[in-house]
Amino acid sequence: MADQNEEMEKILERLHSLENRLSRLESVQRITEVESFYKSEVQDEEVTRTTQEDTLNDEEKGLESRIGRFGLAWLGNIVLLFGITFLCQYMLNMGYKVSSFLVGYLVSASIFFLAYFIKKTNTHLAFIFKINAQVLLFYITVRLHFLTASPLITGKFVPIVLLLLLVAVQVFLSVSHKSQTFAAIAVLFSLATAILADSTNITLPVVLVTAAGVIFCYRRYNWEPLLIATMFLTYLSFFNWLFGNPLAGHTMEMITAHHFGVVYLLGLGTCFSILSLFRKKDSVSDDFLISVIIINGIIFTLLLLLMVLRFFSKDYVALFSALTVYALIFSIILHSKSDWKFASAFYALYGFMAMSIALFGIFGFPNVYLLLSVQSLLVVSMALWFKNRLIIVMNSILFLSILIIYLLSSKYVSSVNFSFAFMALISARIINWKSSRLQIKTDQIRNLYMIEGFIMMLIALLHAVPKQFVTFSWTMVALIYFIISLLLKNIKYRYMALGTMICSAFYLFIVDLARIEIIYRVLALLFLAAISIGISIYYNNRVKKAE
């Protein structure tokens with residue numbers, strides 16, 4: 001019995017231990033399930049929150065939200081601006097002049113205060129409020145004297161001073177906020193003030209100062225859109241002044257006196273030309289500056305031509321001489337300050353173009369062609385100095401154009417003919433001599449000059465020597481070409497010699513044999529035969545030596 005009791009006690013102890021172990025396992029399983037449930041709920045909440053945030057972001061980025069936030073803000077401010085202006089106009093019509101302006105200024109100040117108050121909670125709306133207040137303030141000040149039949153202030157001096165002060169404040173805001181939008185508003189205010197002033201001594205200086213201020217902003221903040229817009233607007237303002245200020249209500253016709261407006265035009269051209277000095281050496285693309293320089297040159301030239309035709313049609317030599325000196329000096333400065341070849345080439349060529357016009361004014365046709373051909377050699381010399389291939393290319397095109405115009409439209413002058421011939425041949429020789437300095441890898445430009453020199457030498461001799469000696473002179477030139485080819489060891493002069501010999505033969509048989517006396521025919525035939533045979537012997541000996 002005792003043994004049985006002991007066995008029963010052992011069995012009970014084991015059962016008890018098993019129950020404890022099972023209870024512990026169940027408790028652990030229960031905790032895991034709770035944790036799993038809790039984690040799943042947390043994940044569901046996070047997914048829900050993320051989905052809601054994504055939905056909100058999509059809403060904010062959607063068209064509806066953008067219209068609601070930005071579109072309505074602009075619409076509301078525009079409506080507010082018109083409402084206040086109509087209110088002030090109504091009070092002015094009712095005879096409350098002072099009150100209408102006081103209300104306008106008070107509302108402007110209130111909008112400024114409101115913009116300052118909400119700038120931390122609604123930045124975009126605060127920005128629009130500032131623009132609204134600035135425009136309203138400027139408009140109310142304009143109405144003190146301008147755009148009204150019953151001005152509060154009869155003289156326009158005080159309103160103009162107030163408007164210029166508003167422009168100065170606007171410039172300060174644009175610089176302090178580094179805002180291109182505020183700067184654009186300042187430009188519009190400034191040019192509007194210049195037009196409303198309707199006085200050359202105020203209008204043109206304000207336009208010039210506006211251009212200079214925008215150049216400063218571009219230099220400091222790189223505001224490219226503002227620069228382009230200001231360039232067109234300032235030149236448009238000058239055009240408006242030149243045609244009698246029709247924007248101020250006058251009849252559109254050119255003014256009767258220039259009032260030294262050409263000085264301000266030169267100032268505008270200078271302002272936008274100075275941009276070429278601001279080019280960065282590590283600039284990846286120069287397309288913007290190239291566009292500005294070309295557009296500035298085109299608009300400046302068109303306005304200058306209008307002024308010259310109107311006021312300086314008989315006295316433009318001094319003007320274009322000054323422009324020549326300015327452009328060439330500026331090109332030299334660009335060459336010394338920067339390695340950008342386009343700008344220095346552009347202003348050098350512009351200067352030489354102005355020089356051509358000045359020379360025409362001094363000498364007239366056809367004598368001016370003599371100096372134009374010499375000028376071409378001067379351009380080549382400057383290209384060598386600048387190591388600028390673009391100047392050479394453009395000068396070759398201009399030289400050819402001037403030559404064609406001379407041949408088609410002018411009476412032949414021997415000095416001009418020989419000048420074109422010699423200048424073309426000398427230019428070709430210089431280009432070949434300094435081709436490495438110019439980095440010209442092809443002979444196309446030099447060939448063009450040599451062809452021009454070849455043709456002009458024939459034409460020059462044709463019109464300079466007596467008719468019975470034309471063949472003789474051409475043959476002598478062929479001989480000279482041949483000797484030069486031997487001295488310089490240059491095959492192109494031999495080509496010119498052969499071409500000249502062929503032309504001499506044709507001229508001899510087609511013209512001379514039917515026109516000149518028998519003795520001159522004999523001399524021409526014998527001389528041409530001797531030179532031809534002599535050159536033939538040279539080629540024969542050369543071929544044998546080579547073999």
Side-chain angles (χ1 to χ4, degrees), residues 349 352 369-385 387-408 410 412-465 470-471 473-507 528 531-532 535 538-539 542:
L349 291 170
F352 284 116
Y369 289 111
L370 176 63
L371 294 174
L372 290 180
S373 61
V374 177
Q375 176 188 298
S376 175
L377 187 60
L378 181 61
V379 177
V380 173
S381 302
M382 178 165 279
L384 289 172
W385 178 21
K387 299 181 182 180
N388 198 311
R389 181 171 51 185
L390 179 60
I391 297 179
I392 287 289
V393 174
M394 294 303 299
N395 182 67
S396 64
I397 297 173
L398 292 174
F399 185 85
L400 178 61
S401 302
I402 293 171
L403 179 58
I404 292 174
I405 293 172
Y406 167 71
L407 294 175
L408 295 178
S410 182
Y412 290 168
V413 179
S414 296
S415 58
V416 176
N417 294 335
F418 282 110
S419 176
F420 273 115
F422 284 118
M423 291 304 107
L425 294 175
I426 293 172
S427 298
R429 186 61 200 155
I430 292 176
I431 292 173
N432 181 60
W433 180 33
K434 295 292 185 179
S435 60
S436 60
R437 185 177 180 86
L438 291 171
Q439 298 179 349
I440 297 178
K441 298 180 179 180
T442 66
D443 291 336
Q444 295 178 359
I445 296 175
R446 186 161 61 96
N447 291 342
L448 177 62
Y449 278 113
M450 296 188 76
I451 293 171
E452 291 167 351
F454 169 78
I455 295 173
M456 286 308 300
M457 185 61 71
L458 297 177
I459 294 175
L461 292 172
L462 179 64
H463 291 85
V465 303
V470 171
T471 301
S473 63
W474 283 7
T475 308
M476 284 296 299
V477 169
L479 180 60
I480 293 172
Y481 286 152
F482 190 76
I483 295 173
I484 293 175
S485 71
L486 295 178
L487 295 175
L488 299 179
K489 298 180 180 179
N490 192 318
I491 192 174
K492 294 185 179 181
Y493 288 98
R494 291 201 295 272
Y495 290 157
M496 294 173 66
L498 293 175
T500 306
M501 290 294 296
I502 294 172
C503 292
S504 301
F506 273 104
Y507 190 85
L528 181 60
I531 299 300
S532 301
I535 295 176
Y538 165 79
Y539 276 101
R542 184 175 178 179

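This one's a predicted model, so the numbers in the text were calculated from it and none came from an experiment.
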Asks: Starting at CG of Leu400, measure out to CD1 of Ile405 and round the result to the nearest 0.5 Å.
Replies: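 Reported to 0.5 Å precision, the distance equals 10.0 Å.
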Asks: Rounded to the nearest 0.5 Å, how far apart are CE of Met450 and CE of Met496?
Replies: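 Rounded to the nearest 0.5 Å, the CE-CE separation comes to 4.5 Å.
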Asks: Run the side chain to side chain contact (heavy atoms under 4.5 Å, CB included) check on Met456 and Leu425 step by step: do they pass?
Replies: CA-CA 10 Å; Met456 286 308 300; Leu425 294 175; over 6 Å; no
Asks: Would you name the heavy atoms of Ala497 and Ala478 that are closest together and state the gap between them?
Replies: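 Looking at all heavy atoms of both residues, the shortest contact is CB-O, 3.3 Å.
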Asks: Can you list the residues that meet the side-chain contact (heavy atoms from CB on, under 4.5 Å) rule with Ser473, with sequence neighbours excluded?
Replies: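 Expected list: Leu461, Val465.
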Asks: For the SG atom of Cys503 and the CZ atom of Phe454, what is their distance to the nearest 0.5 Å?
Replies: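 Atom-to-atom, Cys503:SG and Phe454:CZ are 4.5 Å apart.
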Asks: Would you give the length of the straight line joining atom CG of Asn417 to atom CG of Leu407, rounded to the nearest 0.5 angstrom?
Replies: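 If we round to the nearest 0.5 Å, Asn417:CG and Leu407:CG are 7.5 Å apart.
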Asks: Taking all non-hydrogen atoms of both residues, which atom of Ala428 and which atom of Tyr449 are closest, and how far apart?
Replies: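 Where Ala428 meets Tyr449 most closely, the heavy atoms are CB-CB, 3.7 Å.
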Asks: Mind checking whether His463 and Tyr412 have parallel, tilted or perpendicular rings, split at 30° and 60°?
Replies: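 Rings of His463 and Tyr412: perpendicular, over 60°.
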Asks: To the nearest 0.5 Å, what is the distance between CZ (Arg429) and CG (Leu488)?
Replies: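 One finds 4.5 Å between CZ of Arg429 and CG of Leu488.
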Asks: For Ala424 versus Gly453, what's the shortest heavy-atom pair and its separation?
Replies: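 Taking Ala424 first and Gly453 second, the nearest heavy atoms are CB-N, 3.6 Å.
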Asks: Which label fits Phe399 and Phe420: parallel for a plane angle under 30°, tilted from 30 to 60°, or perpendicular past 60°?
Replies: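 Answer is perpendicular, since the angle exceeds 60°.
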Asks: Evaluate the side chain to side chain contact (heavy atoms under 4.5 Å, CB included) criterion for residues Ile483 and Tyr493: first the C-alpha distance (whole Å), next the side-chain angles of each, then the deciding distance (0.1 Å), finally the verdict.
Replies: CA-CA 9 Å; Ile483 295 173; Tyr493 288 98; over 6 Å; no
Asks: Can you measure from OG (Ser427) to CG (Leu378) and round to the nearest 0.5 angstrom?
Replies: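 Reported value, rounded in 0.5 Å steps: 10.5 Å.
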Asks: For a 4.5 angstrom cut-off between non-hydrogen side-chain atoms, does Ile455 reach Ile451?
Replies: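 SC-SC contact between Ile455 and Ile451 confirmed.
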